[in-house]
Amino acid sequence: MRTASRPAPDEPPGASHDEAPGARSGRLLEWYDRHARALPWRVLPAERAAGKQADPYHIWLSEVMLQQTTVATVKAYYEKFLRLWPTVEALASAPAETVMGAWAGLGYYARARNLHACAKAVAAEHKGRFPATETGLRTLPGIGEYTAAAIAAIAFDVPAAVVDGNIERVVTRLHAIDTPLPAGKALVKAHVAGMTPSRRPGDFAQAMMDLGATICTPRRPACVLCPLSEGCLARIAGTMELYPVKAAKKPKPARQGAAFVAVRAGDGAIFLRRRPETGMLGGMDEPPTTEWGVRRDGATGAGAAPFPAAWTRAGSVVHVFTHFQLTLEVWRADVADAAGAEGRFVTPAGLVAVALPTLMKKAIELAEPAALAPSPPQRKRQI
DNA sequence: GACACGTGGGT
DNA sequence: TACCCAAGTGT
């Protein structure tokens with residue numbers, strides 16, 4: 001039994017609550033009404049009060065882009081996708097290469113493949129309307145536990161328990177949960193379910209995420225500004241930065257490979273091929289590369305080239321992926337053709353529309369800077 | 001549960 | 001520099 005003088009968490013799993021249920025969510029929503037970030041896909045509280053509805057297509061598109069990706073990075077891509085494809089039907093009708101090309105640089109390219117597949121499913125099997133329930137949303141490609149809950153709450157006012165990385169941090173601090181993630185995820189979700197109000201569940205979820213992004217930050221959280229600081233166990237103990245506890249990370253091995261940038265005489269076109277649909281950089285374009293081996297003495301010399309030419313070494317690029325570091329030896333050659341190798345030549349003007357991952361842009365930039373330079377009509381005047 | 005899966009920015 | 005981190009999902 002709690003005393004009135006001891007502020008307690010709202011409805012921890014299995015506990016009674018003698019503080020008004022929703023006291024925390026109420027304080028958080030008041031904070032959100034004043035401090036919500038204006039984001040391109042977001043309907044602000046005042047707009048919502050005036051009758052504006054969130055567009056499920058917009059919410060879905062932004063949520064998929066935001067998976068493991070910063071808000072700052074997503075903004076430009078979100079605007080571009082909405083400009084190219086204003087509706088889910090338009091996106092569904094787009095060629096896959098065009099979608100992959102528009103996604104190039106955002107990373108985690110399976111998201112783009114699933115995005116396109118999801119758009120097609122919504123257009124063909126759901127009459128262009130996203131399902132309004134978590135269960136329905138979960139059947140769609142690229143929509144997992146988090147994204148289904150987020151879309152249900154934000155676009156359809158379903159009181160779903162939304163748990164992302166921000167909310168994990170907020171809640172583990174609030175309750176001093178020291179079970180390492182992801183094992184502690186179920187407990188976090190139970191707490192979130194207990195906090196989620198039936199009114200404004202979407203704003204509640206967005207408020208929790210904004211709080212994590214701007215106040216309850218990984219380092220040096222601004223507890224003095226936090227609407228939930230009262231009764232926050234980590235705050236009371238002064239151990240905020242110890243949460244969330246995460247499982248130890250594995251070391252990142254090094255791999256080696258080679259890339260071959262063939263430049264066609266005359267128009268400066270670059271020889272590209274399409275990577276396999278699955279696996280690293282799946283479905284994206286590249287100058288031919290060797291396998292990326294663990295051994296330093298792997299075949300990375302000119303002898304590993306896709307076709308004979310006067311290959312010269314341009315240098316190497318280092319690129320760090322999620323689970324390994326890659327060093328790519330870059331070779332270049334001026335050629336007349338590709339001697340029957342699988343692939344195609346793309347002119348510098350055409351490269352902007354090609355699905356080139358950042359790593360491959362690095363390799364091309366090193367071997368043939370002119371290929372990726374802004375084309376003359378678009379180049380900004382030097383001052 | 002473990003692992004594969006990108007990239008850019010911050011400290 | 002070498003980490004850490006970001007509105008996770010699929011297998």
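Side chains are part of it too, since the values below use all heavy atoms of this structure and drop only hydrogens, waters and symmetry mates. Protein chains get the first letters and strands the later ones, always in sequence-line order, with residue 1 at the start of each.
- Candidate nucleotides C/dC5, B/dG6, C/dG8 were compared by shortest atom distance to the side chain of A/P218, and C/dC5 ranks first.
- Aromatic ring centres of A/H319 and A/F321 lie closer together than 6.0 Å.
- Residue-environment remark: CZ (A/R37) exceeds the threshold of 12 foreign heavy atoms within 6.0 Å.
- Contacts of A/R138 with the nucleic acid, taken as non-hydrogen atoms under 4.0 Å apart, are absent.
- Among the atoms of the strands shown, base atoms are found under 4.0 Å from some heavy atom of A/W41.
- The residue A/V71 sits close to a base: some heavy atom pair falls under 4.0 Å.
- For the C1' atoms, the distance from B/dA2 to C/dA7 is 23 Å, rounded to whole Å.
- Using a 4.0 Å cut-off, some side-chain N or O of A/Q68 falls inside it from OP1 or OP2 of C/dG8.
- If A/P357 and A/R219 are placed on DNA chain B by their nearest nucleotide, the residue sitting closer to the 5' end is A/P357.
- For the P atom pair drawn from B/dC5 and C/dA6, the interatomic distance equals 22 Å after rounding to whole Å.
- Among the atoms of the strands shown, base atoms are found under 4.0 Å from some heavy atom of A/V320.
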Any N/O pairs under 3.5 Å between the protein and nucleotides 3-5 of chain B? List them or say none.
residue: B/dC3; atom: OP1; partner: A/K250; partner atom: NZ; Å: 3.4
residue: B/dC5; atom: OP1; partner: A/M280; partner atom: N; Å: 3.3
residue: B/dC5; atom: OP2; partner: A/H323; partner atom: NE2; Å: 2.9

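- At a threshold of 4.0 angstrom between heavy atoms, the contacts of A/I59 with the nucleic acid are absent.
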message: side chain to side chain contact (heavy atoms under 4.5 Å, CB included), that's the test. Do A/K189 and A/E145 meet it? Break it down for me.
response: CA-CA 11 Å; A/K189 183 153 185 168; A/E145 181 178 3; 2.7 Å; yes

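- You'll find that the side chain of A/H319 is closest to B/dT7, out of C/dG8, B/dT7, C/dA7.
- In this structure, A/F271 has its ring center under 6.0 Å from that of A/F307.
- The residue among A/A247 and A/G107 whose nearest nucleotide of DNA chain B lies closer to the 5′ end is A/A247.
- The side chain of A/K246 sits closest to C/dA6 out of C/dA6, C/dT9, B/dT7.
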- prompt: If you write DNA chain B from 5' to 3' in dot-bracket form, with Watson-Crick or G-U pairs under 3.5 Å, [ ] for crossing pairs and | for pairs with another strand, what do you get?
  reply: .||||.|||||

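- Hydrophobic clustering of Ile, Leu, Val, Met, Phe, Trp and Tyr side chains at less than 4.5 Å, counting indirect connections, unites A/V163 with A/I215.
- Residue A/R313 places its CZ atom among more than 12 non-hydrogen atoms of other residues, nucleotides or ligands, all under 6.0 Å distant.
- Side chain of A/R169 to main chain of A/G212: a donor-acceptor pair is present (N/O by atom type, distance under 3.5 Å, no hydrogens or angles).
- In terms of position on DNA chain C, the residue among A/G142 and A/M209 whose nearest nucleotide sits closer to the 5' end is A/M209.
- Proximity of a side-chain donor or acceptor of A/R275 to a complementary backbone N or O of A/E286 within less than 3.5 Å is not detected.
- For the pair A/R264 and A/F345, the cation-pi test (distance below 6.0 Å, angle within 45°) is passed.
- The listed nucleotides are C/dT9, B/dT7, C/dA6; the one nearest the side chain of A/T70 is C/dA6.
- Put simply, the side chain of A/R37 and the base of C/dA7 share a donor and an acceptor less than 3.5 Å apart.
- Applying the 3.5 Å distance criterion, the base of B/dG6 shares a donor-acceptor pair with the side chain of A/T69.
- Nucleic acid contact class of A/I143 (heavy atoms, under 4.0 Å, all strands): sugar-phosphate only.
- Counting any heavy atom pair closer than 4.0 Å across all strands shown, A/G212 reaches no nucleic acid atom.
- With A/T327 contributing its side chain and A/Q256 its backbone, the two residues share no donor-acceptor pair below 3.5 Å.
- Distance noted for atom C1' between B/dG6 and C/dC5: 13 Å (whole Å).
- Distance, A/K252 NZ to C/dC3 P: 9 Å, rounded to whole Å.
- Comparing B/dG8 with C/dG10, their C1' atoms are spaced 24 Å from each other, to the whole Å.
- Using a 4.0 Å heavy-atom cutoff across all strands shown, A/T147 reaches sugar-phosphate atoms only and no base atom.
- Among the atoms of the strands shown, none is found under 4.0 Å from any heavy atom of A/Q206.
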Review item, side-chain donor-acceptor pairs of residues 99-128 of chain A, under 3.5 Å, at least two apart:
residue: A/W103; atom: NE1; partner: A/G107; partner atom: O; Å: 2.9
residue: A/Y108; atom: OH; partner: A/T322; partner atom: OG1; Å: 3.4
residue: A/Y109; atom: OH; partner: A/G105; partner atom: N; Å: 3.1
residue: A/R111; atom: NE; partner: A/Y108; partner atom: O; Å: 3.4
residue: A/R111; atom: NH1; partner: A/V64; partner atom: O; Å: 3.1
residue: A/R111; atom: NH1; partner: A/M65; partner atom: O; Å: 2.8
residue: A/R111; atom: NH1; partner: A/Q67; partner atom: O; Å: 2.9
residue: A/R111; atom: NH1; partner: A/T69; partner atom: OG1; Å: 3.1
residue: A/R111; atom: NH2; partner: A/T69; partner atom: OG1; Å: 3.3
residue: A/R111; atom: NH2; partner: A/L106; partner atom: O; Å: 3.1
residue: A/R111; atom: NH2; partner: A/G107; partner atom: O; Å: 3.1
residue: A/R113; atom: NE; partner: A/E277; partner atom: O; Å: 3.1
residue: A/R113; atom: NH1; partner: A/E277; partner atom: O; Å: 3.1
residue: A/R113; atom: NH1; partner: A/G282; partner atom: O; Å: 2.8
residue: A/R113; atom: NH2; partner: A/E277; partner atom: O; Å: 3.4
residue: A/N114; atom: ND2; partner: A/A110; partner atom: O; Å: 3.3
residue: A/H116; atom: NE2; partner: A/L91; partner atom: O; Å: 3.3
residue: A/H116; atom: NE2; partner: A/A94; partner atom: O; Å: 2.9

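- Rounded to whole angstrom, the span from the NZ atom of A/K189 across to the C1' atom of C/dG8 amounts to 13 Å.
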